[in-house]
Amino acid sequence: MSADSPIAEIGETPLVPAHVTAAFVSDEVSRVTEQKAPVGWWMVFGVALMFLGVLLVSVGYLVWNGIGSWGNNSPAAWAWDITNFVWWIGIGHAGTLISAVLFLFRQKWRTSVNRFAEAMTIFAVICALLYPTIHVGRIWFLYWALPIPNQMGMWPNFKSPLLWDVFAVSTYFTVSLLFWFVGLIPDFATLRDRAKNVVRKKVYGALALGWRGSNRHWRHYERAYLILAALSTPLVLSVHSVVSFDFATSVMPGWHTTIFPPYFVAGAVFSGFAMVSTLMIICRQVYGLKDIMTMKHLELMNKIMLVTGSLVGYAYSMEFFIAWYSGNEYERYVFINRATGPYAWAYWTMVTCNVVSPQLFWWKRLRTSIPVMFAVSILINIGMWFERFVIIVTTLHRDYLPSSWGMFHPTLVDIGCYTGSLGLFFTLFSLFIRWLPMIAMFEVKAALPGAQPSHHAAHDEHAEPAHGALAVKEA
Amino acid sequence: MQIFPRSLNYLPLVAALGVAVLGGGVTTGIWYYFSPKNTQVGYAPEQPIHYSHKLHAGELGMDCRYCHANIERSQEAMIPPTQACMGCHAVVKKDSPKLAALRDSWKTGKPVEWVRVHRVADYVFFDHSVHLAAGVGCVSCHGRIDQMDVVRQDQPLNMVWCLECHRNPNPNLRPKDQITNMTWKPSAEEATQLAEVKLRGPQHCSGCHR
Amino acid sequence: MSTAGNKQETSSGKRLFWRSLEQKADPQAQHEEAKASDVVKQTISHDELFTLRRRNFLGLSGAMAALVGVEGCVRRPVENIMPYADMPEYINPGVPLHYATATQRNGEALGLVVTTFEGRPTKIEGNPDHPTSLGATDLLAQAGILELYDPERSHAPTHKGVAASFADFDAFVATKLAELQKNGGSGLRVLAQPTNSPTFVRMRAALLAKLPQARVHTYAPVSQSQVLESTRIAFGQPTSVLHDFSQAKVVVALDSDFMMTEPGSVRSARQFASARDMESASGTMNRLYAVEPLFSVTGSNADHRLRLPAQDIARYARALAAELISAHGVQLGAIAPAVQGVATDGIPEHWLKAVASDLAANTGRSLVVAGARQPAAVHALVHALNRALGNAGKTVTYGEALDPTEADNFASIAALASDMAAGKVDTLVILGGNPAHDAPADLHFGDALAKVGTSIHVSSHDEETAALTTWHLPRAHELETWGDLQASTGHYTVQQPMLAPLWGGRSDIEVLGQLAGEPAWRGHDLVQATVTGRGINGELAWRQLLHKGVAEQTFARVLGALEVRDGEVAGALRKLTDAPALSASNLEVVFAADAKMFDGRYANSTWLLELPDPQTRITWDNAALIGPSTAKELGLKSGDMVRLSKDGASVDIVTWVQPGQAPNSIGLTLGWGRKKAGSNGNGHGFDVYPLRTTAAPHFTAGVAVQKLGVTYPLSQVQEHDSMEGRPLAIDATLSEYKEKPNFPEFKSPDPQFAPLWKMQDYSKGNQWGMNVDLNTCNGCNACVIACQAENNVPVVGKEQVARGRSMHWFRIDRYYVGDNEDTPEVAFQPVGCQHCEEAPCENVCPVAATSHSPEGLNDIAYNRCIGTRYCMNNCPYKVRRFNFLNFNQDIPETLQMQKNPNVTVRFRGVVEKCTYCVQRIQKAKSTAKQEGRHWLRDGEVVSACQQVCPTQAITFGDINNPKSVVSTKRRTDRNYALLAEVGARPRTRFLGKIRNPNPEMKS
Amino acid sequence: MSEQATSKRPVVYLAEYDSPDAIIHAAEGVRDAGYEKWDVHSPYPVHGMDAAMGLPDSGLGWIVLLCGLTGVTAAVVMIQWMNGIDYPLVIGGKPPDAIPSMVPIMFELTVLLSAFGAVFGMLGLNALPRHHHPVFYSDRFEAFSHDKFFISIEVEDKKFDKEKTKQLLESLHSTHVELVEEEVA
């Protein structure tokens, strides 16, 4: 798995400078939620709100007027709607991956990133869920897709990948949300105990559920955390696999491919990490959290992007090979059409952004340069959107019968629905930054040098799985 | 510093109970009140003319097909034309004030505006003739019309209800000559014969939706 | 639909039906027609429920589902059922009745059977007993039903643009007649369209007898004048020409689109197809040579096609004649010298040698036909050739022409126009037609109208001419009035009204009768008089005539093989001057009747506007068709606006680069660009009449093209012409077929693999399947409209079509085959839902809105669909349509009356597609069950597309019944499945196309 | 402040520590002294503390396993009944009760219910949420979520003795020992 590459160098040098102590951590992190928001925050928040407005208007018009407000047509019955869905879902993968997979792999450096990434996951999934919801022709009957007893005696069709989606994505959302909240409980307690005014005290107090750091609690707590991680790991892999089934189980050339599940997962991790580092870079600049989100963290993430980016590139080439090797003329045409047809520009944008740009990270200088990694992460986000666009639209617009070939042209409402979702995402995210601890304080504390009793490593094997998860191997 | 009162510790318990009770209540409520059994059955609007099936079909024992004449040949059970009523009421009760509306219609040629009682959704293509041909009696869907002074909807007429019979029609089957008989009960051997019938109504979409 | 059915009971239907029945029963009823139509108005207007109901079924149901809660408290909205007050005897609410009638089409009668629900006509079919229809119809006839309900038809007479009543008009006529009778009717002119109505002819005679000074002119923009003229030349008398393609082994079509726009196309297409049917006893196949400027439907079906400018066709005809004489000793007598030594440049040699020898080898079994566009001399030569080749009396016969005046078509209107200009016309009666728009431009008919004392215009719409005339009378639709028609075969049909005129209105014969001072001038009386005049006496005979839709005896005198007057023909041929050769600087334009608009009279029909042109696949517009090489020379691309000008007249029109178009020849189709056709037709396409002159009404050279530098957007339903080498519409030559009869199977083999799961058992009961014979399908698109009419398929408009949202359930894909884009071959492939047994669309629907019936139908329940459109993606045939917007919003009441009550009208947000006309299947089953049957007989269910098909290319039925037609078709070698390799096991299968090229034609 | 107030009743001893090492030794002390109703409070899970307190392994896993099994069963039963038994429709020519297409949802429901089991099971075992607790009377205690460590011994413990317990805690090098009292109702 992509995450185990950096293991070796972790133990060697500490991730955080010496002056970072438990107290320092809670002060630094809580500060963000306690002080006035900086100008930068207000700017981001304002713009985000504006685009949220755009979203509301576009969606309102869409529902009122019908799907025809979009550019979708026959043959391209799906276009930007599902493109955006898959894009957001993909982004929504990094969070759980970081908090779950890296957790299982004992990657202690995750501690300063995971809270952040999980939040991003949840907001991304919210944006993703928007599209399957509004893309249906009769949204008021959407509940028919759920197994609810009704006077028609009808049930959903469990053979439909779309229904698997419903279950997969909603499960993913719920589990991520629980995971996130569980992680937040002890930090809520911190905020509660630091709070000066009573309102803050009561609000955070309520959220903290009366947490008192009891070791009898920590015991179950850590076990729960471990189990959630163990559950989320296959879940995170399954979700994008299921999303890829929407395409892989169809009969469309260019969709009907066995490579899709791993290919989609890799892509998801790729785009997810890109989005995380974009956001991290912004936040650590705005809030000067350079001591906790260190360059080392960013570098490690860049390495993962390099790996997954290359994986994705491999998938692209393999698709072509298989299409050629299959000898199926329809399959072959689709791929030739992708690279040379009317949508070639989209295809090559995708390749440049996703395969070429991350290769810069082979060089340490580039991989540790803030401007470079920021630019690349943005490029990757764009590239991954185009990947989904290419998969969906270029396959549909020219399939089996040339008589039915056509082109897709987006409308204003299409654009509104997409940019609007970015508005929704950043609104939620800036609210999170403002009011919640963006770094898992108790986890960082636990992972600090000297945070754990010195002589006990020896005689507590029985508790190893629980504690070990958060424990640090002393150098 | 103690922020919350001790009593708040009961919150989880209370919340759990509340959710259970409320959720259960809402579910059963919707289940019952929103079901056609409740919303549809018993609908008995007032008609422009107080026509009593109780009197005509019941006491006078007129056959349904005297008025709903085309029912064995058409998907629609026709509502009798004024003409049909006048067939008798030109002589019987010819001056009854109750029949004023009828006589107007006959004079002016303007139809009597009856209020629809039995209604299936627009996209359901129900065919009377087929059901009669299969041996489903009027009473199965319309109830004891012969006892209704004012026509009332007797069955929910929703999809689940249709499907019940389409899946197992035998309880509603009867000899073709008994179709309009409201009180027919199968004799022992008739019952066994009918139990034999392998008839099944369509359960695929286009059976009823086009 | 039961509820809807009741609604219609209450709708205008009831009253109307009764009236039409009564009319059948009682002639006198006619006199109340005016009153009747008032009743109609009321009954329609007070029927809002019907409107509401009809507008958006699913909309309501959606609301219904959403509002159950509310209903729980307040019950449900009151809904009324309005039964008949006094019910007509035959009527059985919910069960349709069928009436036989006929429609006039381009001087030919087309026998029809009309379906009516409680007096509400909803669908037109062909009359199997009628020789010109043989049970089939064409797309214009199918669209007739929409025309009937067109809410923009004239609603009332107007006098000087002010609404008036028929009473006013009658008063006016009375006074006018009085003064006309004094001067014997001088100054009275009647302009009528060519007719084949005996009653009309009778009335015209009566009028002229009563007012000897009056004159009757005949004009239609598209007419058979030159054919009649040619018979006058060749035989000394104007005759009708009747072809029998079923007997012709070799057909040479000279600029003749006999399958589409020529008279009797339905009959011709059927006969032609029958001579191509491989599975027929003979198993032999006819061969068609087409020589034409435009790429016509007929040309698309030719085995060999030579693209030649219209002006060169005459040259070719003569060269061919010369070749026949010299090489094959065909006797043309005095004609011979007139055809010698014609320049043959532009005509490949084998097109003379091979064609001539083919003709000569099939004397008596060949046929030469020429199109209405070609000069009389060419037709005369054709008559001579057919005579010389021994075809006369076999593959072509001549009959007495019912309306010889048509021969003078253009001369006649020219004379009228000059008289009008000279102020010689005091009263002008225009019966039908729209001369102000479609008369030759050089006559300036519109201006001339101003000089006419009183002008009376009788037509369906308040169109261009109506605006310029003193009086305008609504012209009753053919389904609204009594009339009669005589087919060129001599078969006689009485047109009976299905309903009283929706907005009043009179027929031509009525107005004519009125002018002729007939006391009983009502259509019914006039027609009955004609009928009795023809020796059909008594109520029973009359009723039989109405019932069967065609009289027992035929009336036109069949003249058989006539002697050809060689001298006259030669004379006519000598008059033909060889025009200078065409070039990019000396272009020719060819005027053609449009496949949809014809001459413009159907311009307001949304169905026709949205129907893709069979050849160009363009909707909602026409275009100047230019061949690829010529376009290159002129530097034009499809979509460029150009100005075509000649002698001061000019037309701005969009160009379309049309493969197969003759070099240096530009094809223009008539009937578009109407100014006052109605809100649908106005401003769609481009009016080309301004270029049309009495001198050259059919084609003219010396036209200059000027590129305007702007482009114009065109909406196409098919943007890609090539099959990309995929095995889709599979074809082979006759010889290939002979050695490998199952050739399609090699290209599209059925996958043979062991099933991964337990397959469904489709071995019991009726199993529905369809076969489409690509060999006989000629791509006329009638099926598309038939399906639209039967299944309430909505119209989406030009802009939506451009977006790729056309809703047609059934479409005809048109592919070009061959490398040279100037001379491609055409492959038509009709595609509807293939009803796959392992339907990919079903697997992916999350709500199971589409699933399979035990009889193998791919069902779709609109009311279950939530519109994820996943099924559309996963359909390899792309036959699923989605209501992207609410295309059924605010349909005018009268158009709602057209809707088929047995098919749901779909709301926005749901997917729809071909259902194999499941409503017809269910109807048949219902009947069967009433009769205690559980197995339907073959032919008991006929799909709409199958029923309309003139060539019987589509067969539908029970594939479980080994004796059914469809099963036998499936057993033939040519049978294959489209995209079989996908493994969806489609129920619709195709029969490979076979071309019959002449080995000697090595082009 | 609670010390000065009148008519108070002691509820818990709070002993404060600065380092993980200190607290873990102290915990072992208290454990060996045989107390039962006592607890350790730390800003983050302290490595080896369970052993130091002599706590058994968490039984949460079993709850999750149970929920997971419920999830997979629910999925199978639901799909088979809805598509296979109650209203079997022919979809794409496949058997209505086909197994393969059930797998994804079986998996998802397993995970979903397991997750619920893990979270709500944890809260259940921890008797959370519990917003009111004696330790919160102490103001110093608020530091537990910052960087301090505490041992709390409740009066309910049968070995609890105002003096002995205090001595024990002091003997375990507590930086500050506090008897938390609450007002008697």
Which value, rounded to the nearest 0.5 Å, describes the distance between [X] atom [atom1] and [Y] atom [atom2]?
X: S851(C); Y: M154(A); atom1: OG; atom2: CE; value: 7.0 Å
X: N65(A); Y: R908(C); atom1: CG; atom2: CZ; value: 7.0 Å
X: D721(C); Y: W405(A); atom1: CG; atom2: CH2; value: 11.5 Å

Compare all side-chain heavy atoms of [X] with those of [Y] and state whether any distance is below 4.5 angstrom.
X: P876(C); Y: V251(A); answer: yes
X: P402(A); Y: L728(C); answer: yes
X: S74(A); Y: R805(C); answer: no
X: W70(A); Y: F884(C); answer: no
X: T249(A); Y: N843(C); answer: no
X: Y400(A); Y: K878(C); answer: no
X: N73(A); Y: Q800(C); answer: no
X: W255(A); Y: N873(C); answer: yes

R864(C) and W155(A): which non-hydrogen atoms are nearest, and at how many Å?
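Closest approach of R864(C) to W155(A): NH2-O, 3.6 Å.
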All heavy atoms of F245(A) vs all of Y870(C), minimum pair found to be O-OH, 4.0 Å
Residue [X] versus chain C: region with a heavy atom under 4.5 Å:
X: S404(A); result: side chain
X: D81(A); result: side chain
X: W164(A); result: neither
X: T411(A); result: side chain

Worked verdict on L979(C) versus L401(A) for side-chain contact (heavy atoms from CB on, under 4.5 Å):
CA-CA 9 Å; L979(C) 297 177; L401(A) 299 186; 4.1 Å; yes
May I ask you to name which of [options] has the most heavy-atom pairs under 4.5 Å with chain A?
options: V982(C), V879(C), L885(C), N874(C); result: N874(C)
options: M872(C), R726(C), H720(C); result: R726(C)
options: S806(C), G804(C), P846(C); result: P846(C)
options: A984(C), G983(C), A848(C); result: A848(C)

Looking at [options], which makes the most heavy-atom pairs under 4.5 Å with chain C?
options: L146(A), L163(A), I67(A), L396(A); answer: I67(A)
options: L142(A), N150(A), D246(A); answer: D246(A)
options: G68(A), P156(A), G66(A); answer: G68(A)
options: G406(A), G137(A), P253(A); answer: G137(A)

Short question: side chain of [X], backbone of [Y] - any donor-acceptor pair under 3.5 Å?
X: R138(A); Y: G909(C); result: no
X: W144(A); Y: C865(C); result: no
X: N157(A); Y: C845(C); result: yes
X: R803(C); Y: N72(A); result: no

[X], part contacting chain A, at a heavy-atom distance under 4.5 Å:
X: R881(C); value: side chain
X: V911(C); value: neither
X: I866(C); value: both

Residues, nucleotides or ligands: over 12 heavy atoms within 6.0 Å of L412(A) CG:
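No - once you tally the heavy atoms of other residues, nucleotides and ligands closer than 6.0 Å, there are 12 at most.
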Is the count of non-hydrogen atoms from other residues, nucleotides or ligands lying under 6.0 Å from H397(A) atom NE2 greater than 12?
yes
Could you walk me through whether E842(C) and K159(A) pass side-chain contact (heavy atoms from CB on, under 4.5 Å), step by step?
CA-CA 9 Å; E842(C) 292 173 0; K159(A) 288 190 178 62; over 6 Å; no
So which residues of residues 321-330 of chain A are in contact with chain C at a heavy-atom cut-off of under 4.5 Å?
N328(A), E329(A), Y330(A)
For chain A, which residues of residues 810-818 of chain C have heavy atoms nearer than 4.5 angstrom:
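Contacts with chain A: R811(C), D813(C), Y815(C).
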